[in-house]
Amino acid sequence: MNYWLMKSEPDAFSIDDLKNCPKGTEHWDGIRNYTARNFMRDEMAVGDLVLFYHSNAKPPGVVGIAKVVSKPYPDHTAFDNSSKYFDPKSDPDNPRWVMVDIKYIKKVKQFVSLAELKANPKLSDMMLLTHSRLSISKVTEDQWEEVLKMAQTKV
DNA sequence: GCCAACGTTGGC
DNA sequence: GCCAACGTTGGC
């Protein structure tokens, strides 16, 4: 069991958008960063839990909990030249980019802003804070429990 | 809208 | 393999 934090811009895809998907499940397409891809491809497993984070929001922060519900599989948007995620270098016979399916679990009871995360000394090593531009980051079990405590939420 | 941080690309 | 140029992310 691993824990993750995944960012999404609420203007593009919010926690409510995920909730409103059929079965609360959507594929997490468009990851075009090797570190984030490698996490999905090599380490994510069905059942892993995810902090759903709104980036480019006012204010940014953790808004909900989701779950990984598929193994990694090729990100087909890389092959679609009408997609904004089109990547001509991704060969359908050897896909460069992968995605997983994410399922809505719940919103947090108490929103936890980036400022609050930064202000908590127990979270100073959190990958979100040390790798600020990475859209998928790891969360340790201790960090997970601390963030859920701040969010007054249990899974 | 600005810009710092930083990942990627491509020439050499 | 180095590194300058460039593009993107995302907080503010």
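The chains referred to below are lettered A, B, ... by the order of the sequence lines, with proteins before strands, and numbering in each begins at 1.
Between T77(A) and the choices K84(A), H27(A), R32(A), the side chain to side chain donor-acceptor pair (under 3.5 Å) rule is met once, by R32(A).
Taking every nucleotide of DNA chain C with any atom under 4.0 Å from a non-hydrogen atom of chain A, the first and last of them, 5' to 3', are dG7(C) to dC12(C).
Between H131(A) and N56(A), it is N56(A) whose nearest contact on DNA chain B lies nearer the 5' terminus. Residue whose closest nucleotide on DNA chain B sits further toward the 5' end, between S132(A) and R32(A): S132(A).
Listed by chain and number, the hydrophobic cluster partners of F86(A) come to none, as no ILVMFWY side chain reaches under 4.5 Å of it.
Counting only distance, with no hydrogens or angles, the side chain of Y104(A) and the backbone of K107(A) share a donor-acceptor pair below 3.5 Å.
Within 4.0 Å of T35(A), counting heavy atoms only, lies no atom of the nucleic acid at all. Here K58(A) lies out of heavy-atom contact (under 4.0 Å) with every strand.
In summary, the side chains of D80(A) and S82(A) do present a donor paired with an acceptor at a separation below 3.5 Å, with no hydrogens or angles considered.
Between W28(A) and F39(A), the gap from one ring centroid to the other reaches at least 6.0 Å. Ring centroids of W97(A) and Y34(A) are separated by less than 6.0 Å, placing the two rings close together.
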